[in-house]
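Since the structure comes first, as structure tokens, the remarks are kept for the end.
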Amino acid sequence: MWRQAVQWLAVCVLGFGAGVVHQWQTGRIGVLGDYAYIVDTAWRIAQGELMYRDFGLPHSPLTFHVQATLIKVFGFSYGVTAWYCTVVNVGYVLLTYGLVRVSVSGWSGVALCVPLVWLAPHCIYPHPFYDPDVCLLVLLNLNLLQWVATRRVGAVVAFLGGVTTVLPALAKQNVGYPYVVLVVVAVVWWGWLRERWVGGVGEGEREGLEVVGLRWFGAGVAAGVVGTVVWLGLTCGLWNYWRWVFVSASRRLADLTFILETYGNYESWALGGLMVLGWWLWQRKGEGARPFWVATASATLLLGPFVVVSAITWLCGRFFVGFDYPLLSLWVPVMILTLVVGLWQLPSVLSASQPVRTMLPWIAVILTFFSFLSQGHTGSSYGIWALFVLMVAYVVSLFGSDRRQPLVCWGIAIALTLAAFPYVYHNVRLRYVDQTGDALQTAYSGPLRRFTVDSPYLSNFAELLDFVADRIPEAEPVVCVPQEDPFYVMTGRRNPLPMVIFDSTATPFFPEEIVEEAERRRVKWVIVKRVLQIGHLAWEVEGIPEAFSEKYTTVARLSGYDILQRLAPAQADSP
């Protein structure tokens with residue numbers, strides 16, 4: 001028990017380290033457009049508007065509702081959202097270790113969590129977003145399932161644990177809904193069907209499997225699904241939810257060409273093949289009869305890709321900032337290895353009494369695949385590195401009690417950490433953000449205090465806020481194109497349009513339709529941002545500024561913005 005307590009203390013230190021890295025990251029970079037997308041949407045919810053009914057959004061609602069709750073309780077400030085991300089980082093590391101130790105015990109499990117000091121989601125990406133939220137909720141629910149499946153807990157506790165299964169689906173649909181299906185399959189198998197397979201009603205209890213708790217957990221899952229459907233139906237409407245969260249969002253999913261680009265790289269398959277060969281060598285002989293060279297070759301093949309990636313990163317690091325970073329090349333090989341090992345072990349694990357350990361490789365691989373449908377491993381992996389760690393832990397667990405297991409675990413941990421630090425330091429994941437300013441700008445007062453970006457975006461935004469406060473009455477609606485700044489939450493105004501940001505998926509309307517809607521809602525002012533921090537938003541809003549310019553007149557030109565005004569009264573109905 002003392003040894004376990006010390007190990008948990010070490011993991012707490014790692015979690016604290018991940019929180020410190022996030023706080024450090026907030027002083028280096030900020031993404032105005034992504035931050036505005038979350039907090040301006042949360043501001044609308046905090047003011048009483050309903051997603052999917054009053055405004056459209058092709059994402060699940062939970063992240064936005066969490067931030068809306070924080071705004072209601074604490075008021076809006078960047079500090080609150082920043083500390084929220086820090087807490088997520090800490091919890092992320094602790095919950096990951098809770099699952100890693102299901103596969104790998106002792107200090108080997110602690111070692112595999114070391115890279116998360118740099119790879120916890122908000123170390124890579126500093127703002128609240130649904131990818132980190134959904135992975136955190138998956139980790140939470142799996143820990144609860146492990147608790148219920150291996151310990152005697154009350155029926156109410158098991159039931160409530162099951163209810164939380166639906167939360168990942170409310171955080172991000174392409175990851176959360178597959179997760180709910182996987183948990184339902186697992187609970188039905190181990191809670192009801194497995195008894196007939198292994199024979200004997202009491203078999204599960206003698207093996208340490210709490211069948212009764214699993215059944216109550218399954219009842220909680222069913223209640224959570226029903227409750228979610230009822231809540232959505234009574235608030236925004238099921239058709240509205242389906243239209244935005246599935247029909248509209250499906251346009252973001254990868255097509256076959258994109259999938260082939262993600263998984264068709266022959267280098268990834270070669271690395272995966274070498275790692276599979278290393279695992280296969282390990283299985284060739286019993287532990288007592290295994291020659292030294294076989295064990296050494298196996299450990300080398302498994303550890304080699306991590307060491308090579310780390311070495312390339314440090315020897316040639318400056319060449320990899322402009323394109324796919326070496327660290328990210330490990331995702332597909334590890335997925336291949338985990339899939340092969342999982343298929344090899346499948347016949348024997350179906351009758352096993354450890355549902356979570358059996359589920360981990362499948363959950364990790366399947367959820368990773370669905371996550372990558374959005375932006376591939378280069379864009380979607382920042383929030384799910386815990387799944388990567390769980391895949392590695394499962395594979396390494398097959399080393400059993402061999403003395404080389406800690407060596408492999410610590411070798412992977414050190415190599416992965418060395419490759420992760422430059423990846424975070426150079427903000428490779430945030431390459432879509434302009435980082436070419438001459439200096440950093442930080443807000444030292446007001447709700448955005450401590451928000452930091454490259455110049456000149458904060459000073460331009462401050463100039464805009466001063467102009468709006470002096471020239472535009474609060475009662476007159478204002479539209480911001482492309483809505484890259486947290487304008488509405490900072491000014492306390494309401495967005496008059498039924499959309500949040502002018503993204504091709506979030507706003508499936510033609511420019512002329514947007515202008516017509518603005519006129520119908522008697523919008524008198526339009527703010528067009530010229531100097532964009534996220535460059536690709538320029539083609540996302542292509543045609544919209546021109547459409548507004550046909551009916552609105554430019555009355556002011558600020559450092560980063562054009563101010564358009566509707567001089568003639570808008571001929572329109574009331575909103």
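- Side-chain contact between Cys12 and Val90 is absent, with no heavy atoms from C-beta onward closer than 4.5 Å.
- Using a 4.5 Å heavy-atom threshold, the side chains of Arg44 and Phe55 count as touching.
- In this structure, the ring-ring contact (aromatic ring centres under 6.0 Å, His included) partners of Phe129, at least two apart in sequence or on a different chain, are Tyr125.
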- Kindly indicate, with the supporting measurements, whether the criterion side-chain hydrogen bond (donor to acceptor under 3.5 Å, both in side chains) is fulfilled by Gln533 and Asp454. CA-CA 9 Å; Gln533 188 192 27; Asp454 281 69; over 6 Å; no
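- Remark: Thr452 pairs with Leu440, Thr442 by the side-chain contact (heavy atoms from CB on, under 4.5 Å) rule, at least two apart or across chains.
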Listed pairs under 3.5 Å, donor-acceptor, residues 63-75 side chains, sequence neighbours left out:
| from | atom 1 | to | atom 2 | distance (Å) |
| --- | --- | --- | --- | --- |
| Thr63 | OG1 | Asp133 | OD2 | 2.7 |
| Thr69 | OG1 | His65 | O | 2.9 |

- Task: Applying side-chain hydrogen bond (donor to acceptor under 3.5 Å, both in side chains), run through Ser459 and Gln441 and close with a yes or a no.
- Result: CA-CA 8 Å; Ser459 57; Gln441 292 183 330; 3.1 Å; yes
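- Between the side chain of Asn495 and the main chain of Met499, a donor-acceptor pair closer than 3.5 Å is present.
- Residues Leu532 and Ile534 have side chains not in contact (no heavy-atom distance under 4.5 Å, counting atoms from C-beta outward).
- Between the side chain of Thr358 and the backbone N or O of Gln354, at least one donor-acceptor pair lies under 3.5 Å.
- Put simply, the side chain of Arg243 never gets that close to the backbone of Gly56: no donor and acceptor are under 3.5 Å apart.
- Heavy atoms from other residues, nucleotides or ligands lying under 6.0 Å from CH2 of Trp244 number more than 12.
- With hydrogens and angles left out, the side-chain atoms of Asp40 and Tyr35 include no donor and acceptor closer than 3.5 Å.
- In this structure, the ring-ring contact (aromatic ring centres under 6.0 Å, His included) partners of Tyr130, at least two apart in sequence or on a different chain, are His59.
- Contact between Phe217 and Leu144 at its shortest, heavy atoms only, is CE1-C, 4.4 Å.
- Residues satisfying the salt bridge (Lys or Arg N to Asp or Glu O under 4.0 Å) test with Arg215, not counting sequence neighbours, are Glu195.
- Heavy-atom neighbours of Tyr425 OH from other residues, nucleotides or ligands within 6.0 Å: at or below the threshold of 12.
- At least one side-chain heavy atom of Arg493 sits under 4.5 Å from a side-chain heavy atom of Phe487.
- For Lys529, the salt bridge (Lys or Arg N to Asp or Glu O under 4.0 Å) partners at least two apart in sequence or on another chain are Glu484, Asp485.
- When all heavy atoms of Thr26 and Ala82 are compared, the pair lying nearest together is CG2-CB, 4.5 Å.
- A heavy-atom distance below 4.5 Å is found between the side chains of Tyr382 and Pro132.
- No donor-acceptor distance shorter than 3.5 angstrom exists from the side chain of His127 to the backbone of Asp34, with no hydrogens or angles considered.
- With sequence neighbours excluded, no residue forms a side-chain contact (heavy atoms from CB on, under 4.5 Å) with Leu9.
- Proximity of a side-chain donor or acceptor of Trp410 to a complementary backbone N or O of Ser108 within less than 3.5 Å is not detected.
- Looking only at distances, a side-chain donor or acceptor of Ser397 sits under 3.5 Å from a matching main-chain atom of Tyr394.
- Using modelled atom types and a 3.5 Å distance limit, the side chains of Asn174 and Ser374 yield a donor-acceptor pair.
- Looking only at atom types and distance, the side chain of Arg28 has a donor-acceptor partner in the side chain of Gln25 under 3.5 Å away.
- Under the ring pair (Phe, Tyr, Trp, His ring centres under 6.0 Å) criterion, the residue pairs touching residues 354-376 are Tyr263-Phe369, Trp331-Phe372, with sequence neighbours excluded.
- A donor-acceptor pair under 3.5 Å is absent between the side-chain atoms of His122 and the main chain of Pro128, judged by distance alone.
- Applying the side-chain contact (heavy atoms from CB on, under 4.5 Å) test to Gln375 and every residue at least two apart in sequence or in another chain returns Ser380, Arg429.
- Leu119 places a side-chain heavy atom less than 4.5 Å from the side chain of Ile124.
- Panel note: side chain Arg431, backbone Val428; a donor-acceptor pair is recorded below 3.5 Å.
- With sequence neighbours left out, the ring-ring contact (aromatic ring centres under 6.0 Å, His included) criterion links Phe461 to no other residue.
- Phe16 meets the side-chain contact (heavy atoms from CB on, under 4.5 Å) test with Val20; sequence neighbours excluded.
- Here the side chain of Ser60 pairs a donor or acceptor atom with the backbone of Ala169 at under 3.5 angstrom.
- In this structure the side chain of Phe502 never reaches within 4.5 angstrom of the side chain of Leu537, judged on heavy atoms.
- Residue pairs meeting the ring pair (Phe, Tyr, Trp, His ring centres under 6.0 Å) criterion with at least one partner in residues 83-110, sequence neighbours excluded, are Trp8-Tyr97.
- The two residues Cys236 and Asn240 make their nearest non-hydrogen contact at O-ND2, 2.8 Å.
- Using modelled atom types, one side-chain atom of Asn143 and one backbone atom of Leu139 make a donor-acceptor pair closer than 3.5 Å.
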- Start with the C-alpha gap between Arg450 and Gln23, add the side-chain angles, then the distance that decides, and say whether side-chain hydrogen bond (donor to acceptor under 3.5 Å, both in side chains) holds. CA-CA 10 Å; Arg450 292 183 57 216; Gln23 289 291 320; 2.7 Å; yes
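- The two residues Trp190 and Pro355 make their nearest non-hydrogen contact at CD2-CB, 3.5 Å.
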